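A note on names: the letters A, B, ... follow the listed sequences, proteins ahead of strands, and every chain is numbered from 1. No experiment lies behind these values; they were computed from the predicted model shown.
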Amino acid sequence: MTVGNVFFVVASVVALFGAFMTIASRSPIRSAVGLLITIVGIAALFLMLNAQFLAAIQLIVYAGAVVVLFVFVIMLLGPDAGDGEGTVVRARVARYGAGAFFLLLSFGAAHLVSRADLSPTRFKIAPAGHGSVEGIGTLLFGSDVIPFELATALLIVAVVGAIAVARGKPHVRHQSKSASPTARMFNGPLMARDAQRPLPTKAERAAKAAGGV
Amino acid sequence: MQAIEALFPAHNYTLLSLIVLLPLLGAAVNGVFGKRLGKEAVSLLALSVMFIAFALAVVTFFALGHAQEGEQAARFYWKGWEWFHLTRADGSTSTLDVAFSVDALSGTMALIVTGVGFLIHLYSVSYMAEDPGFHRFLTYLNLFIFSMLVLILGDSLPVLFVGWEGVGLCSYLLIGFWFEDEKNAAAGKKAFVTNRIGDFGLLVAMGLLLYYTGGLDWSTIDSGAKNLLTPVQVWPLGSHVPAASLLPQGMENWVNMPRYVSAATLVGLALFLGCAGKSAQLPLYVWLPDAMAGPTPVSALIHAATMVTAGVYLLCRLSFVMVLSPAAMAVVAFTGALTALFAASIAFAQHDIKKVLAYSTVSQLGYMFLGVGVGAFSAGFFHVITHAFFKACMFLGAGSVIHAMHARIHDTDASQDMRNMGGLRKYMPYTFWTFTAAWAAIVGLPLTSGFFSKDEILLKAYTSFIKIPSAALADGTGGSMDVFSWPSWLGTALYAMGLITALMTAFYMTRLYIGTFFGEFKGWKIVKNWQEPAHAHGHDDHGHGHAHHEPGVPLEGPTPHESPWQMWVPLAVLGFLAAFAGFLNAAPLHITPFDSWLEPVFEKASASVQLIEGAEHFELPFLGLAFLSFAGGTGVAYYIYVLQKGKPAQAFVEAMPGFHALVFDKWRVDEIYEEYVIGAVDSLAEFFAWADKWIVDFLLARVTSFLVSTSGTALRFIQTGRVQTYAAVMVLGLGGVGWYFVTPRAEAKLESNDESGVYSLTAPQGLGYSYRWDLNNDGKWDDKEKFGDRTQQSLNLAAKENRTIRLEVKNAFGRSAVRSFNFARPAPDRSGATSRLEGDPGQARRAPEMRQLQKPQEMK
Amino acid sequence: MSSLGYFVEQYVLLAGALFTLGCVGFLVRRNVLVQLMSIELMLNAVNLMLVAFNRQHTADLNGQVFAFFIIAVAAAEVAVGLAIVLAFYRLKSSVQSDEADQLRH
């Protein structure tokens with residue numbers, strides 16, 4: 001019963017607990033916290049696996065940016081961020097059925113794998129510098145420099161795209177005088193269907209959720 | 001005359017083209033420009049074209065007469081162009097030309113057509129003067145004359161057929177001239193369709209003639225006619241009739257055996273079918289009475305004088321073919337006599353003056369066919385000519401009467417009803433005297449034309465028959481064929497039918513004559529200086545169906561008027577000819593220029609026409625019988641309708657109302673056709689309508705579209721637009737893919753070599769696959785039931801040996817699959833160059849050539 | 001017990017469990033934000049598996065570099081995804097994935 005074993009067990013339990021909290025919480029903020037817990041647990045496991053640099057990156061990027069983003073959005077959405085009222089039984093059955101089917105698949109795969117005549121392989125001693133900053137850096141700026149640069153470009157594109165999508169229209173624009181399709185495409189509702197029906201109020205949405213699908 | 005002979009030699013007689021094309025020119029100009037030219041110009045053009053054609057026909061007639069000074073039949077020929085050139089498989093050729101020729105027969109006919117046609121054109125100019133379709137009428141008339149001339153002057157059957165169809169077309173156009181009234185259009189349609197049924201016969205005959213004689217123009221048919229005496233085997237129901245096996249042996253053979261008819265009989269019957277359609281014989285006569293819906297000049301020209309005689313002309317033209325089949329000739333004669341009798345019976349009960357004349361036409365046509373059928377071609381043809389005169393005269397006279405009736409009664413049916421006429425001889429003297437001449441001819445007053453022609457036919461019906469001379473039979477390939485022999489009773493039967501018909505003709509024609517011209521006028525109350533009431537009618541209001549007078553008040557009207565000169569001059573000409581043209585062929589008086597004129601034409605045919613023993617002794621007695629029939633018929637009619645004022649007729653109608661209704665309804669033949677023939681077509685159409693509605697529309701269209709739309713509705717269920725749904729479906733797919741990867745497959749590749757007996761199996765590779773074999777199929781796995789890596793096995797089989805091998809495959813997930821394979825090595829092929837090895841016969845030695853590989857069966 | 005944490009199979013099992021949790025969360029939850037978080041869970045599970053296998057085959061660091069790139073791309077994806085959620089919220093005033101059925105038949 002070494003430190004390593006304990007560390008592994010604790011980290012795994014933490015990760016699993018966090019995952020469970022993510023998917024099972026009613027409130028989204030709790031889900032975000034659960035995600036954070038999972039990420040921390042995974043970072044701990046990375047440490048166990050001689051991936052120091054990656055553990056650090058995981059914490060900085062995931063825990064420090066992604067989860068923060070989630071929290072910001074939950075804050076922006078306010079009370080609407082939570083789950084809605086009850087749904088139609090048929091839809092709920094469908095969703096839970098799909099989830100249960102996947103669970104079944106998962107258990108089946110695990111069972112099959114366990115039946116294979118495979119002997120477990122233990123880790124060997126890792127060479128020095130395995131997972132170190134220098135090692136990763138050598139690869140990133142050496143043989144993997146092209147994916148690295150492409151990832152950079154991807155990040156820039158993502159930034160621009162996020163800004164473009166999220167900016168939206170804070171003011172309500174009046175209908176443009178010109179009736180050309182292009183003008184109508186950029187001003188006004190996205191679909192003719194939405195032009196005819198206004199967005200439902202909270203009360204209407206409650207009624208619809210109770211009675212409809 | 002020499003000038004004409006020099007200008008127009010016999011082999012290139014261009015006048016023929018002129019005769020034929022002039023009416024066509026008139027029709028074309030009148031048809032295209034008629035409305036603009038105006039009535040005078042149109043009538044002038046139409047009449048002058050007809051007159052010139054008639055003049056040219058006269059010139060041709062005399063030229064022919066001059067050329068026929070010898071015994072040789074003169075024939076003038078003009079070729080337009082070569083139309084078809086046919087080459088048969090054996091290299092022989094036939095040529096069909098657009099060519100016209102005229103000989104004694106067609107020259108006479110051309111005279112009649114153009115002459116009577118001209119008179120009727122003149123008549124129409126006055127009769128149709130107030131009709132808005134005046135120019136159209138004269139166009140159609142000219143077109144008709146053109147077609148008729150093509151028909152009679154054609155040198156070959158195809159050209160004749162062009163004219164045949166052309167007169168059918170013009171008949172349709174002219175019958176339905178007042179087409180706004182549906183009744184008239186329907187009558188035209190009926191005429192055309194009935195004609196068409198007959199045309200089928202004519203086409204079949206043309207095909208047969210082309211086959212047997214090698215050509216379709218008169219000279220080629222003539223030279224090849226003896227080929228028609230070949231027998232043709234006909235199996236009416238086939239040689240293996242399905243139900244016949246249930247019959248006793250003798251009857252079954254009788255049903256299945258072939259019948260032998262000579263080709264000549266087939267041709268003759270087919271030709272007669274065409275004639276039955278065109279010339280209104282049983283059973284295709286039904287269109288002629290309906291054709292009275294057309295204007296009266298049309299009835300006179302087409303349905304009395306010319307078109308309906310085209311059938312008789314055809315049989316006369318092909319007389320040398322017809323006599324090759326006594327059976328067909330007997331059919332022709334008998335049908336003609338029966339038609340004559342049948343139509344005469346219907347005419348007894350009709351009230352419409354034109355209908356009586358129509359049935360009389362059918363009856364007289366029957367006479368013509370009777371004459372032609374027994375071989376008296378020139379007698380039958382003479383009756384054509386005399387009938388043209390007196391029937392046209394009677395129709396034109398009826399038209400004149402109707403014209404007078406139209407002054408007050410505008411309804412078509414009422415103005416033609418004899419019960420509204422009477423006593424018209426006081427008011428219409430010209431019409432009356434010319435009609436009297438025609439009446440005298442048709443009832444057979446001695447020394448009139450009708451008397452001579454009808455008497456000749458009746459005599460020949462009894463005394464003449466067809467019998468092919470044995471020399472001609474031997475000339476043909478008759479051989480093993482039994483030629484139909486003329487029944488001995490046929491002559492008597494034909495004569496009896498003809499005589500009774502003559503009696504009936506005399507009766508009903510006299511009834512018509514008395515009813516129209518004698519007695520009191522029953523149409524309206526004649527008021528001197530009668531004025532037309534306020535609302536004016538034109539004389540061309542033929543479609544009115546209501547009387548313009550208050551019921552209860554007797555109709556008042558003007559004095560019936562005589563017709564203008566354009567109408568009674570043709571009547572006079574025709575009446576004169578009807579009375580005196582008989583002397584052209586007065587056989588009892590032995591004045592027969594007509595017969596001798598036509599003798600060269602019928603020379604070939606007359607070889608097969610024979611007279612019974614002592615024929616000349618029957619001449620005078622039959623003359624007496626003919627006179628008795630005339631006297632009896634007219635006398636009885638006079639007694640009933642003049643002396644007794646029609647009371648015995650009334651009593652007969654009251655005593656036997658059902659029978660009278662039957663005869664009045666034309667024996668309900670039209671209704672039978674409507675019910676069974678047209679009804680069958682209607683049922684077929686209804687069946688197809690049902691099939692279209694329920695099978696094509698419903699099953700093929702609606703049910704399939706319903707299936708597609710239902711499956712679409714079902715499939716649309718998963719198109720929710722939500723990503724979660726799609727993810728769920730992806731998970732399902734993932735399950736399927738995972739299952740595929742996780743199951744092991746045990747298909748092995750086989751290689752078999754039947755020759756050497758070496759068979760090998762190669763097991764498949766896969767993730768973590770291990771194998772277990774059972775080579776000797778003892779139920780236990782080899783190698784102590786351990787899984788190994790061995791993927792390939794091969795075995796040797798002896799000949800004719802069977803072996804089953806099992807393979808088990810296990811994959812990395814511990815799942816396994818078992819398969820067994822069966823190998824059978826066939827016996828070696830002993831054919832070819834094999835040598836037997838000593839010792840084991842089942843071993844080793846095989847044929848050098850490769851055998852068909854037999855795939856070993858696989859079982860799971 | 002002395003073998004816990006030193007066998008690659010354990011890490012594979014753990015990663016599988018995390019992945020299953022993430023996938024079930026995606027299939028079951030209606031909230032779009034929770035669905036995005038479930039996607040992040042799945043990505044993390046894959047990262048774990050990559051790094052574990054890289055620890056087993058230590059010849060080079062390809063597994064970790066791959067995981068590095070996954071983290072980068074996941075970050076970008078979350079950014080854009082949340083922007084889309086905001087745009088969607090502006091349209092429908094809700095973050096229920098049931099409302100996103102514009103492509104419904």
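With a 4.5 Å cut-off on non-hydrogen atoms, A/Ser27 does not touch chain C at all. Looking at A/Ala32, the atoms closer than 4.5 Å to chain C (heavy atoms on both sides) sit in the backbone and in the side chain alike. For A/Thr38, the part lying under 4.5 angstrom from a heavy atom of chain C is the side chain only. When heavy atoms are compared at a cutoff of 4.5 Å, A/Leu69 approaches chain C by way of both its backbone and its side chain. For A/Leu16, the parts lying near chain C are the backbone and the side chain together; criterion is any non-hydrogen pair under 4.5 Å. Looking at C/Phe69, only its side chain comes within 4.5 Å of chain A, counting heavy atoms on both sides. With a 4.5 angstrom heavy-atom cutoff, A/Phe8 touches chain C only via side-chain atoms. Using a 4.5 Å cut-off between heavy atoms, C/Asp60 contacts chain A through its backbone alone, with no side-chain atom that close.
In terms of non-hydrogen atom pairs under 4.5 Å with chain C, the most contact-rich of A/Ile57, A/Leu76, A/Val6 is A/Ile57. For the set C/Thr58, C/Leu86, C/Val73, the entry with the most heavy-atom pairs within less than 4.5 Å of chain A is C/Thr58. Counting heavy-atom pairs closer than 4.5 Å to chain A, the top residue among C/Asn54, C/Ile84, C/Val12 is C/Asn54. Contact count against chain C (heavy-atom pairs under 4.5 Å) is highest for A/Ala126 among A/Ser143, A/Ala151, A/Ala126. Ranked by non-hydrogen atom pairs under 4.5 Å with chain C, the options A/Gly97, A/Ala15, A/Ser25 are led by A/Ser25. Listed options C/Leu82, C/Leu33, C/Val32, C/Val78 were ranked by heavy-atom pairs under 4.5 angstrom with chain A; first place goes to C/Leu82. Chain C forms more heavy-atom pairs under 4.5 Å with one residue of A/Pro120, A/Gly161, A/Ala98 than with any other, namely A/Pro120. Interface summary for chain C: among A/Ile163, A/Leu77, A/Leu154, the most heavy-atom pairs under 4.5 angstrom belong to A/Leu77.
Looking at heavy atoms from C-beta onward, C/Asn44 lies in side-chain contact with A/Gln58 at the 4.5 angstrom threshold. Side chains of A/Thr2 and C/Tyr6 form a contact here, defined as non-hydrogen atoms less than 4.5 Å apart. Under the 4.5 Å side-chain criterion, counting only non-hydrogen atoms from C-beta, C/Met37 is in contact with A/Phe70.
Around atom CZ of A/Phe7, more than 12 heavy atoms belonging to other residues, nucleotides or ligands sit under 6.0 Å away.
Of all non-hydrogen atoms in C/Ala74 and A/Tyr62, the two that sit nearest each other are CB-OH, 3.3 Å. Contact record, C/Ala79 with A/Ala162: O-CB, 4.0 Å, taken as the closest heavy-atom pair. Closest heavy-atom contact between A/Val66 and C/Ala75: CG2-CA, 4.0 Å. The nearest pair of heavy atoms linking C/Val34 to A/Ser31 is CG2-OG, 3.7 Å. Residues A/Ala158 and C/Val80 come closest through the heavy atom pair O-CG2, 3.5 Å. Looking at every heavy atom in both residues, C/Leu21 comes nearest to A/Ala19 through CD1-CB, 3.7 Å.
Taking CD from C/Gln10 and OG from A/Ser12, the interatomic distance works out to 8.5 Å, rounded to the nearest 0.5 Å. The CD1 atom of C/Ile71 lies 9.5 Å from the CD1 atom of A/Ile39; values are rounded to the nearest 0.5 Å. In this structure, A/Arg26 CZ and C/Arg29 CZ are separated by 7.5 Å, a value rounded to the nearest 0.5 Å. Summarising the geometry, atom CD belonging to C/Glu9 is positioned 4.0 Å from atom OG1 belonging to A/Thr121; distances are rounded to the nearest 0.5 Å. Going from atom OG of A/Ser132 over to atom CD of C/Gln64 covers 9.0 Å, rounded to the nearest 0.5 Å. Note that OG1 of C/Thr20 and CD1 of A/Ile23 are 9.5 Å apart. Values are rounded to the nearest 0.5 Å.
Between the side chain of C/Arg90 and the backbone N or O of A/Ala166, at least one donor-acceptor pair lies under 3.5 Å. A/Arg122 places no side-chain N or O within 3.5 Å of a backbone atom of C/Val8 that could act as its donor or acceptor partner.
Of residues 41-50 of chain A, those residues with a non-hydrogen atom less than 4.5 Å from any non-hydrogen atom of chain C are, in numerical order, A/Ile42, A/Leu45, A/Phe46, A/Met48, A/Leu49, A/Asn50. Within residues 99-107 of chain A, the residues approaching chain C closer than 4.5 Å by heavy atoms are, in numerical order, A/Gly99, A/Phe102, A/Leu103, A/Ser106.
The residue from A/Leu140, A/Ile136, A/Asp144, A/Leu54 that alone fulfils the side chain to side chain contact (heavy atoms under 4.5 Å, CB included) condition with C/Leu61 is A/Ile136.
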